[in-house]
Amino acid sequence: MTAKIEEKLGTLHYTIDKEAHIKVNFDACNDCENKACIRGCPAQCFELVQDEVKFQYEDCIECGTCKILCDKKAIEWNYPRGTFGVVFRKG
Ligand code: SF4
Ligand code: SF4
């Protein structure tokens, strides 16, 4: 049986940096109609709370989808520093 995305995400390990590797210009989000990041992020790092976009980098799986989807260029995207970030388990 194929595992659901939530189950797969649960197998990941993270070494979380205190500094965010992705920064969002939330001013641009106010005028953004699509808010594609919310539907597009597989790790649900973006959410809409009382009409405001919220972002948490800690669960990021470093896929780059948000940067590609954001047509306002509001995302400053970098990989985490050094050994920080997600660790994928193979198999
Ligand atoms: S797609 Fe970009 S501008 Fe729109 S809500 Fe997401 S981060 Fe903000
Ligand atoms: S890089 Fe991928 S997992 Fe990380 S915030 Fe962007 S869409 Fe979500």
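Every number for a ligand or one of its atoms is a count from 1 in the order of the listing.
Protein heavy atom nearest atom 4 (Fe) of ligand 2, with residue, atom name and distance: C60 SG, 2.3 Å. Shortest contact from atom 2 (Fe) of ligand 2 to any protein heavy atom: C63 SG, 2.2 Å.
Around atom 2 (Fe) of ligand 1, protein N, O or S atoms at less than 2.8 Å comprise C70 SG.
Here the shortest heavy-atom pairing between G85 and E62 reads CA-OE2, 3.3 Å. Taking every heavy atom of both residues into account, D59 and C45 meet most closely at C-SG, 3.8 Å. Residues F46 and C41 share a closest heavy-atom pair of CD1-CB, 3.9 Å.
Taking a cut-off of under 4.0 Å to the non-hydrogen atoms of F55, the atoms of ligand 2 that pass are 5 (S). Each of the atoms 1 (S), 2 (Fe) of ligand 2 lies under 4.0 Å from some heavy atom of G64. For ligand 2, the atoms closer than 4.0 angstrom to any heavy atom of C41 are 3 (S), 5 (S), 7 (S), 8 (Fe).
By the 4.5 Å heavy-atom criterion applied to side chains, D17 and P80 are not counted as neighbours.
Distances from ligand 2 to the non-hydrogen atoms of Y57 include no value under 4.0 Å.
Other residues, nucleotides and ligands place more than 12 heavy atoms under 6.0 Å from the CZ atom of F84. The environment of CD in Q56 is crowded: more than 12 heavy-atom neighbours from other residues, nucleotides or ligands sit within 6.0 Å. Crowding of K23 atom NZ: a count of heavy atoms from other residues, nucleotides or ligands under 6.0 Å exceeding 12.
With hydrogens and angles disregarded, a donor-acceptor distance shorter than 3.5 Å links the side chain of N25 to the backbone of D27.
Across I61, T65, I22, V86, heavy-atom proximity to atom 3 (S) of ligand 2 is greatest for I61.
We find that K54 and E52 are joined by a salt bridge, their nearest charged nitrogen and carboxylate oxygen being less than 4.0 Å apart.
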